[in-house]
Amino acid sequence: MSKEKISSGAEKAESLTNKKGTAKKAPAKTTAKKSTKATAKKTVKNTKNKNVKHAKVLSEKQLAKKKAREQKKLQAAKIKAEKKQKRLEKRLEHKQKRLDAIAAFKERSAERREKRRERRDMLKHETKEARLKRIREEREAKAEARIAKREARISEKQAKREHALKVRAEKRADKAERQHAPGMGGWLAAVISLGVTTLALGTMLTFGWLNYNGMQADMADVHTQSLYELNSIVDNLDTNLAKARVSNSANEQVRLFSDIAIESEMAEVVLERMPIESNLTQNMTGFVNKMADSAQGMLYTVANGGELTDSQKATISYMYETNLEMKRILNEITSTSSAKDMIKAMKGRESNLSTSFGDLENNAIETPKEIHDGPFSDSIKKVTAKNLENLEEINATKAEELAMEYFESYKPTDVRCTGETVAEQLECYNLTIKTDDGEMMAQLSKKGGKVVMFNSYKACYDHNFSVERCIDIAQDFLADLGYDNMKAVWTSENGTVCNLNFAYEQDGIVFYPDMIKVKVCEQRGIVTGLEGISYVLNHVEREAGSATISKSEAESKLASGFEVDGSRLTVIPGEDGEVLAYEFYGTFGGNTYYIYIDAKTGNEAEVFTVIGTKQGKALM
């Protein structure tokens with residue numbers, strides 16, 4: 001049937017049927033689409049899951065690497081921090097060491113300054129007798145130390161030598177035993193024993209010779225070092241004396257004069273160690289000794305607010321010029337002397353060293369006679385104590401009883417004899433006296449029990465007693481000890497200590513050989529020191545004789561322009577005995593002098609230049 005013949009109703013039915021079929025097919029397409037989408041989603045999901053899993057794996061590895069890197073960084077940082085800390089600690093340690101070294105240096109410097117200050121104070125208040133005693137003790141201690149050191153060194157060398165010889169002998173014996181057959185043992189032992197004995201004998205003889213030469217070489221080295229030390233001291237003196245010539249500051253002058261006094265004492269000690277005959281160093285020793293005294297006197301002047309006199313300034317110039325010449329010759333001696341010269345000098349043979357010192361002694365040094373602690377204050381001429389010859393010799397117990405009586409006013413709690421000594425030509429007992437104020441020392445002669453020396457150590461700080469009152473106190477003290485008719489002839493003040501020289505007076509004549517020196521504390525008004533060796537050795541009742549010329553005739557012998565401030569008749573120590581002389585005290589050309597005119601011949605017997613007149617003055 002053709003399409004044209006179909007009715008409209010059929011057409012409608014067919015169209016409806018087609019629509020239904022089409023409608024049924026449509027869901028299939030939709031389902032397929034849905035299925036495709038689901039599959040795609042699943043694939044995407046699976047892909048995502050794989051990517052996530054892969055990403056997770058990669059992330060763990062990276063995390064581990066990152067963690068390792070961080071750990072490494074931390075470790076490196078820790079090492080760096082430790083190194084930095086070590087550097088810092090090392091730097092701090094170095095800094096601390098430096099600070100400790102600086103502190104130690106400052107402490108040593110402070111100690112040295114304190115020692116110098118204490119030494120200056122000591123020099124400022126030390127008497128000449130105490131200084132001589134201290135120098136003698138220091139010299140003895142140094143000599144003992146040198147001897148002990150040398151003996152220890154020699155003993156050590158000898159022990160090493162003996163040990164080496166013993167080891168060598170044992171080695172030779174072992175070697176000889178190994179080289180010989182067993183049957184030769186007895187014979188070998190005898191030969192070895194004989195060889196060792198011969199070796200030991202030869203060694204003893206050889207070592208004795210070597211040891212003697214070694215000791216000589218060691219001593220030569222010691223004396224050479226002393227020569228260099230003396231040269232160095234003289235160089236330092238040259239510098240300080242040059243400064244002292246131009247210095248005008250009190251503080252600087254105090255320092256310079258303290259150093260000059262100390263270095264002069266050191267030079268004196270070193271000179272006495274040199275292996276040179278005393279007659280070749282006598283003037284030099286006298287010069288440095290006088291230089292120490294002069295410097296000490298100038299130190300007192302400046303320290304007490306005074307100014308140097310023209311005489312003292314001239315003394316500085318003289319010391320500088322003389323020391324400069326001494327320095328020149330000593331530099332030549334040091335540069336030209338050899339160990340052989342030193343050994344020759346040690347043996348007492350003539351050498352370049354002794355010749356050079358002879359030139360120095362004869363051509364460079366001329367010591368002027370100067371005083372700052374009174375005329376004839378260090379003069380001891382007699383070799384026996386005539387006034388003690390007929391006196392009874394006392395024992396130690398009696399010496400203790402006498403000391404208790406002599407020093408009763410000091411209220412002693414205990415007196416003890418500590419030994420015996422020889423002061424100059426006098427045998428004495430050494431005594432220690434204990435009081436509530438401290439300890440004192442005294443020396444009493446074995447014959448007669450005379451007080452030869454007395455010293456106490458308590459310091460003085462105030463001026464409560466005048467010089468005139470101190471003279472009265474000292475005179476009463478001497479009378480209590482049995483020293484009568486003593487006249488004060490010189491006074492000086494050292495800080496708060498009054499130093500007084502007393503001489504025996506008979507018929508108006510002052511006997512300078514019979515002198516006693518006394519120290520009085522101006523704070524407490526008591527005697528704190530006494531030195532009477534000159535009096536004990538020289539004093540005896542004797543006639544001074546009579547003057548042949550008058551005082552006016554003697555005064556006419558003085559130089560024109562000499563202004564006399566005081567005069568009296570005295571007995572002074574001379575080269576051939578005691579001399580009766582007129583003493584004239586006065587000034588000339590701005591300098592102060594003591595001039596002694598022989599009362600019998602009218603000749604000039606002695607002249608002294610006075611230094612330190614701000615501290616010391618004559619009592620006419």
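Just so you know, these numbers come straight off a predicted model, no measurement behind them.
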Return a table of donor-acceptor pairs under 3.5 angstrom between the side chains of residues 402-417 and protein atoms on other chains or two or more places apart.
residue : atom : partner : partner atom : Å
Tyr406  : OH   : Gly449  : O            : 2.9
Tyr410  : OH   : Val527  : O            : 2.6
Thr413  : OG1  : Lys434  : O            : 3.0

(message) Glu555: which residues meet the salt bridge (Lys or Arg N to Asp or Glu O under 4.0 Å) condition with it, sequence neighbours left out?
(response) none

(message) Any non-hydrogen side-chain atom of Tyr429 less than 4.5 Å from a side-chain atom of Ile394?
(response) yes

(request) Quick one: pull up CE in Met486 and OH in Tyr535 and give me the separation to the nearest 0.5 Å. (result) 6.0 Å

(message) Give me the atom names and distance for the closest heavy-atom approach of Gly602 to Ile549.
(response) CA-CD1, 3.6 Å

(message) Keeping Thr570 on the side-chain end and Ala581 on the backbone end, is there a donor-acceptor pair under 3.5 Å?
(response) yes

(request) For the cysteine pair Cys498 and Cys470, state whether the SG atoms are less than 2.5 angstrom apart. (result) no

(message) Name the residue from Leu444, Val536, Val452 that meets the side chain to side chain contact (heavy atoms under 4.5 Å, CB included) definition with Cys428.
(response) Val452

(message) For the OG1 atom of Thr587 and the CD atom of Glu563, what is their distance to the nearest 0.5 Å?
(response) 4.5 Å

(request) Give a yes or no on whether Asp462 atom CG has more than 12 heavy-atom contacts from other residues, nucleotides or ligands under 6.0 Å away. (result) yes

(request) Decide, yes or no, whether a salt bridge links Asp514 with Arg542 under the criterion of side-chain N to carboxylate O below 4.0 Å. (result) yes

(request) State, without any angle test, whether Tyr585 and Glu583 hold a side-chain donor-acceptor pair at a distance under 3.5 Å. (result) no

(request) Considering non-hydrogen atoms only, spot the tightest contact between Ala488 and Ile471 and give its length. (result) CB-CG2, 4.0 Å

(message) Taking the side chain as everything from C-beta on, heavy atoms only, tell me whether Tyr582 gets closer than 4.5 Å to Leu569.
(response) yes

(request) May I ask you to test the Leu537-Leu426 pair for a side-chain heavy-atom distance under 4.5 Å? (result) yes

(request) Can you see which heavy atom on Leu237 is nearest to which on Ile260, and at what distance? (result) CD2-O, 3.8 Å

(message) Please find the pair of heavy atoms, one from Tyr593 and one from Phe588, that lie closest to each other, and give the distance.
(response) CE1-O, 3.6 Å

(message) Is the shortest side-chain heavy-atom distance between Tyr318 and Glu321 below 4.5 Å?
(response) no

(message) On a heavy-atom basis, which atom in Val520 and which in Ala474 lie closest, and how many Å separate them?
(response) CG2-CB, 4.0 Å

(message) Can you confirm whether Glu541 sits close enough to Gln506 that some side-chain heavy atom of one is under 4.5 Å from a side-chain heavy atom of the other?
(response) yes

(request) Please name the pair of heavy atoms, one in Phe257 and one in Ala244, separated by the smallest distance, quoted to 0.1 Å. (result) CE2-CB, 4.1 Å

(request) State, with a plain yes or no, whether a side-chain heavy atom of Leu530 is found less than 4.5 Å away from one of Leu481. (result) yes

